Amino acid sequence: MAKAKIVKARLVANWTWNGVNEVCGICHVHLDGCPPEATAKFQTPGDDCPVVWGECKHAFHLTCITKWLGTQSDSQSCPMCRRRWEYSG
Amino acid sequence: MIGFKQKKKLEQEQKTQQATASVTGIVSGGEVRKKGYEIRVQKDLDELEPKWSDNLKTENVDLLNHFTLTLSPDEGIWKNHAHVFDISVPDEYPIKPPKVLCKTKVYHPNIDQEGHICLNILREDWKPVLNLNAIFTGLHFLFLEPNPSDPLDTEAANVYEKDYDKFKRIANNYMRGNYSKY
């Protein structure tokens, strides 16, 4: 039997954040993608653009929710349900 | 001269770039990078109900940060009277809400004579998941259900609560360009 010799291979992998298939409520870009940033350097989806969950189970891009919480002085609320925002472990 | 293979490769690269841009909002290469709010505003515009988009004028097509909405309430005291709103979107949108001014002089408990508007979602109750559609629906609702308990024009709110007929009369006069309050 003739042996096959692999000269070149192009591998493709698929990934998605666990359990979310929706857009970020703040920037309306898919949670698997990157939020649009005016100043940031080229960002790639994945660990560069993490997704975080609140205790209320709502998910956002980390950069988006950080910007929102930064504008709220006293009570930090979820942009979706207005419940008190606590990062979910 | 570009060979066929090279051309094909170029086309393929462009396609991949476009596909990436539509998923990530990232445009690499020669194109000018859009500001964050522009991408979001474009998505808001795509999701607008026809009754708003048909009456919306983009004042600055390049920057997408200034609009004029002509709103004609379909019910109530101000039925079918065109009210012009000036909408400016800040760079921080949607973290910060758009600024909305009423350019049409109106006698209303929640709109003052300078056109400032008292609408909760434009101020204390703004949250970034809201969009332009929600704001326009909110503005329309102000005409259907004025809220005299949270007034901006206290005098108008008083008349609205104590003498509704007089309020309607003055509001109607305003629509005809007569701004006397009697």
Side-chain angles (χ1 to χ4, degrees), chain A residues 10 12 14-17 20-52 54 56-85, chain B residues 8-9 12-13 15-48 62-65 89-99 120-135 138:
Chain A
R10 183 175 288 187
V12 177
N14 253 329
W15 66 272
T16 179
W17 292 106
V20 281
N21 184 23
E22 48 190 69
V23 296
C24 168
I26 297 174
C27 65
H28 286 202
V29 171
H30 200 280
L31 284 168
D32 287 342
C34 292
E37 294 289 295
T39 51
K41 55 188 186 306
F42 191 86
Q43 286 182 312
T44 42
D47 283 342
D48 279 356
C49 306
V51 169
V52 290
C56 55
K57 306 279 184 238
H58 291 125
F60 304 94
H61 290 120
L62 176 62
T63 46
C64 294
I65 189 73
T66 308
K67 268 199 255 168
W68 166 244
L69 296 176
T71 63
Q72 296 202 304
S73 42
D74 33 327
S75 62
Q76 306 226 301
S77 65
C78 169
M80 197 74 82
C81 62
R82 292 215 179 90
R83 262 187 276 179
R84 197 185 145 72
W85 180 266
Chain B
K8 189 119 200 212
K9 200 179 159 211
Q12 198 61 45
E13 273 174 9
K15 265 192 193 160
T16 321
Q17 256 182 24
Q18 279 165 6
T20 316
S22 69
V23 173
T24 60
I26 290 172
V27 180
S28 59
E31 238 180 285
V32 179
R33 192 182 188 80
K34 286 198 161 166
K35 288 189 171 177
Y37 80 87
E38 283 178 66
I39 293 165
R40 171 62 202 267
V41 169
Q42 189 55 59
K43 284 169 193 276
D44 280 20
L45 294 176
D46 295 343
E47 289 167 10
L48 274 185
D62 291 333
L63 292 175
L64 279 185
N65 61 0
V89 180
D91 282 1
E92 298 90 343
Y93 183 78
I95 301 298
K96 287 188 182 159
K99 288 191 171 67
N120 63 340
I121 56 166
L122 287 177
R123 295 164 194 269
E124 74 276 11
D125 286 340
W126 170 256
K127 47 181 185 172
V129 298
L130 296 175
N131 56 14
L132 292 178
N133 205 77
I135 291 171

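Not measured: the values here are computed from a predicted model. Just so it is clear: chains get the letters A, B, ... in the order the sequence lines come, proteins before strands, and each one is counted from 1.
- Contacts of B:D91 with chain A are absent, with no heavy-atom separation under 4.5 Å from either backbone or side chain.
- Between the side chain of B:R40 and the main chain of A:P36, no donor-acceptor pair closer than 3.5 Å is present.
- Proximity to chain B (any heavy atom under 4.5 Å) is restricted, for A:C64, to the backbone atoms N, CA, C and O.
- Around CZ of A:R83, the count of heavy atoms belonging to other residues, nucleotides or ligands within 6.0 Å does not exceed 12.
- Closest approach of B:V129 and A:P79 over heavy atoms only: CG2-O, 2.9 Å.
- Using a 4.5 Å heavy-atom threshold, the side chains of B:K43 and A:V29 count as touching.
- Only the side chain of B:E47 comes within less than 4.5 Å of a heavy atom of chain A; its backbone N, CA, C and O stay farther away.
- Note that CD1 of B:I95 is 8.0 Å distant from CD1 of A:I65, once rounded to the nearest 0.5 Å.
- In this structure, A:H28 NE2 and B:D44 CG are separated by 6.5 Å, a value rounded to the nearest 0.5 Å.
- Minimum heavy-atom separation, A:W68 to B:W126: CH2-O, 3.4 Å.
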